[in-house]
Amino acid sequence: MAQRPLRSKLPTDRLGRYYTTEFVSHLLAREMGDIAPQTLLDLGCGGGALTRAVLSRWAGVAVTAVDIDDTAEGLATLSRAGAPHRAIHGDAVRLPMAKRCFDAVVCNPPFTPLAEPAEDALFAEAGLSTELGTAPAAFLAKCLRSLRPGGLLGFIAPEGLISGRRYLPLRAALLATHEVVSLIQLPRNAFEGTDARASIVIIRAWVPTSRPYPVRVLDTHGTLSAPSLAYPADAVKHLDGFVQRPTVPGRTLGALQPSLVRGTFAPNLRALLPFPLLHLSDLPSCPQVFEVPRALRLTVPPAQHAVVAEAGDILIARVGRNLHKKVVLVTAGAAALTDHVFRLRLDVSLRQEVFAALSSVRGHQWLADAARGVGARHLPKGTLLTFPLTAPQEAPAAPPSNPLMDGIHWG
């Protein structure tokens, strides 16, 4: 099968929505498994990629599509298809709809804030018992509220909903009331115009369970990784189970038992301290050795609890859009660090090997994939310790045949 782009040709619309590709939409429909729904809801159908995918996947299903934009292509697709399908123009979150009436629901929610908060009752009726003023949370609640017990939801969830701290109560309620069937982490280039990471999440409504579910990663070649298991009891903090890009067996950074600490001081304290601080912006954006500039070198004793970088330490950016490009080896000088920088300290016999791995093209790519968030991206310490020192095999120019991708039609 020839290589096809995963990135949508439609970056966004006047409502600030990002569209899924035909590839991702067909993958979502296939991930919903061997079901035969008679009724299906596409909530916020937008460009119609999910609408087309479900019509292709289930020939006999009666699809209802809803969108606030009366010119949405998804609505036009169902209008052309005719009965038994229904195209409804209206606010997907606030439109009155019967509860627990659909066999299946698919949804790619907008990632923007809601213009007006959703009603508190919506979350309670979805079994989530918590209100958040974001579109993904409100759309998730509306989807679950619309499903009959045992019905399936195919949902494209932004990274915040998967692992963000503010969504922790929502994830706890979700896992206590419904069953997560599977999760596929999408690559950052799945949406044009943003580097936001999202995941396909398949949920069985109103059937809570303690069974683990498979978590896989879709790479930029359209190939799925082998599954790992996430357990509901552990998935409240991170629904994806901390899954990062797949690696081959081998040593990890954590196995070396290094000293890995973040700097002590917030950047806004630099003007208040009697000694200078080395901040994220002081690190060069390329892999190289680094001599602490004289203006940043310690001239007076630092605070007792300060984290100080010295010759031989590896510095790694902890936050920032380009954090993956800021990996340096200190060769001279000493400086106190802000809390936007990690200090990695290793035995001298391991230093060059680890620095070479982190600052390589592969290392940069791994760090970019491991970082969380969109604008203010950050790299968790626990994730950094899983960095593989054994290089994975190079990905082929064209991906091998994948049974999950067979039969996918492209727009």
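Please read all numbers here as calculations on a predicted model, not as lab measurements. What's counted below: heavy atoms across the whole structure, side chains too, no hydrogens, waters or symmetry copies.
Distance check: Leu41 CG to Ser146 OG gives 5.5 Å after rounding to the nearest 0.5 Å. To the nearest 0.5 angstrom, Leu337 atom CG is 12.0 Å from Arg318 atom CZ. Atom NE2 of His238 is separated from atom CZ of Arg171 by 7.0 Å, given to the nearest 0.5 angstrom. Note: Glu159 CD to Leu186 CG = 11.5 Å, rounded to the nearest 0.5 Å. Atoms CG and CG, from Leu389 and Leu358 in turn, are 7.5 Å apart once rounded to the nearest 0.5 Å. Here Leu55 contributes atom CG and Leu50 contributes atom CG; the two are 11.0 Å apart, rounded to the nearest 0.5 Å.
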Side chain to side chain contact (heavy atoms under 4.5 Å, CB included) between Thr64 and Thr39, intermediate numbers included: CA-CA 8 Å; Thr64 298; Thr39 57; over 6 Å; no
Side chain to side chain contact (heavy atoms under 4.5 Å, CB included) between Leu367 and Leu384, worked out: CA-CA 8 Å; Leu367 292 171; Leu384 180 55; 3.9 Å; yes
Side chain to side chain contact (heavy atoms under 4.5 Å, CB included) between Ile35 and Trp58, intermediate numbers included: CA-CA 9 Å; Ile35 61 172; Trp58 296 290; 3.7 Å; yes
Test side-chain hydrogen bond (donor to acceptor under 3.5 Å, both in side chains) applied to His305 and Thr264, step by step: CA-CA 7 Å; His305 61 290; Thr264 311; 5.6 Å; no
Stepwise side chain to side chain contact (heavy atoms under 4.5 Å, CB included) test for Thr134 and Tyr167: CA-CA 10 Å; Thr134 65; Tyr167 286 97; 2.7 Å; yes
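A salt bridge links Glu73 with Arg80: the distance from a Lys NZ or Arg NE/NH1/NH2 to an Asp or Glu carboxylate oxygen falls below 4.0 Å.
Proximity of Thr177 to Trp206: side-chain heavy atoms (C-beta onward) are separated by under 4.5 Å at one or more points. The shortest side-chain heavy-atom distance between Ile314 and Val327 falls under the 4.5 Å cut-off. Under the 4.5 Å side-chain criterion, counting only non-hydrogen atoms from C-beta, Pro109 is not in contact with Leu140. Side-chain contact check for Ser182 versus Val201: every heavy-atom pair is 4.5 Å or farther apart. Counting only heavy atoms from C-beta outward, the side chains of Ile203 and Leu147 never approach each other to under 4.5 Å. At a threshold of 4.5 Å between non-hydrogen side-chain atoms, the residues Val24 and Ile156 count as touching. Arg262 places none of its side-chain heavy atoms less than 4.5 Å from the side chain of Lys381. In this structure, Phe23 and Leu218 have side chains that are in contact, with non-hydrogen atoms separated by less than 4.5 Å.
Nearest heavy atoms, Leu346 versus Leu256: CD2-CD1, 4.2 Å. Taking all atoms of both residues into account, the shortest heavy-atom contact from Leu329 to Phe355 is N-CE1, 3.5 Å. Closest approach of Pro284 to Gln288, counting heavy atoms only: CG-NE2, 3.3 Å. Taking both residues in full, the closest heavy atoms of Arg204 and Gly150 are given as CG-O, 3.7 Å, listed atom of the first, atom of the second, then distance. For Leu43 against Cys143, the heavy-atom pair with the smallest separation is CD2-SG, 3.8 Å. When all heavy atoms of Phe387 and Ala357 are compared, the closest pair comes out as CZ-O, 3.6 Å.
With sequence neighbours excluded, the residues forming a side-chain contact (heavy atoms from CB on, under 4.5 Å) with Pro276 are Leu296, listed by chain and number. Listed by chain and residue number, Val289, Glu291 satisfy the side-chain contact (heavy atoms from CB on, under 4.5 Å) test with Thr331 (two or more places apart in sequence, or in another chain).
Counting non-hydrogen atoms of other residues, nucleotides and ligands closer than 6.0 Å to CZ of Arg86 gives a total of 12 or fewer. Other residues, nucleotides and ligands contribute over 12 non-hydrogen atoms within 6.0 Å of the CD atom of Glu353.
For the salt bridge (Lys or Arg N to Asp or Glu O under 4.0 Å) with Glu125, the lone residue among Lys142, Lys99, Arg100 that qualifies is Lys99. Between Phe265 and the options Leu273, Leu272, Asp339, a side chain to side chain contact (heavy atoms under 4.5 Å, CB included) holds for only Leu273.
Distance alone, capped at 3.5 Å, is enough to place a donor-acceptor pair between the Asp103 side chain and the Gln38 backbone. Checked by atom type and distance alone, the side chain of Arg270 pairs as donor or acceptor with a backbone atom of Pro267 at under 3.5 Å. No side-chain donor-acceptor contact under 3.5 Å links Arg145 to the backbone of Phe123. Using a distance-only test at 3.5 Å, with no hydrogens or angles considered, a donor-acceptor pair links the side chain of Arg351 to the main chain of Gly312. Within the 3.5 Å criterion, the main-chain N or O of Ala317 finds no donor-acceptor partner in the side chain of Lys326. Judged purely by atom type and a 3.5 angstrom limit, Ser225 uses its side chain to pair as donor or acceptor with the backbone of Val217. With hydrogens and angles ignored, the 3.5 Å screen pairs no side-chain donor or acceptor of Thr223 with any backbone N or O of Asp219. For the pair Asp369 (side chain) and Trp366 (backbone), a donor-acceptor distance under 3.5 Å is absent. Of the possible donor and acceptor atoms, none in the side chain of Asp70 sits under 3.5 Å from a partner among the backbone N and O of His89. Counting only distance, with no hydrogens or angles, the side chain of His85 and the backbone of Val63 share a donor-acceptor pair below 3.5 Å.
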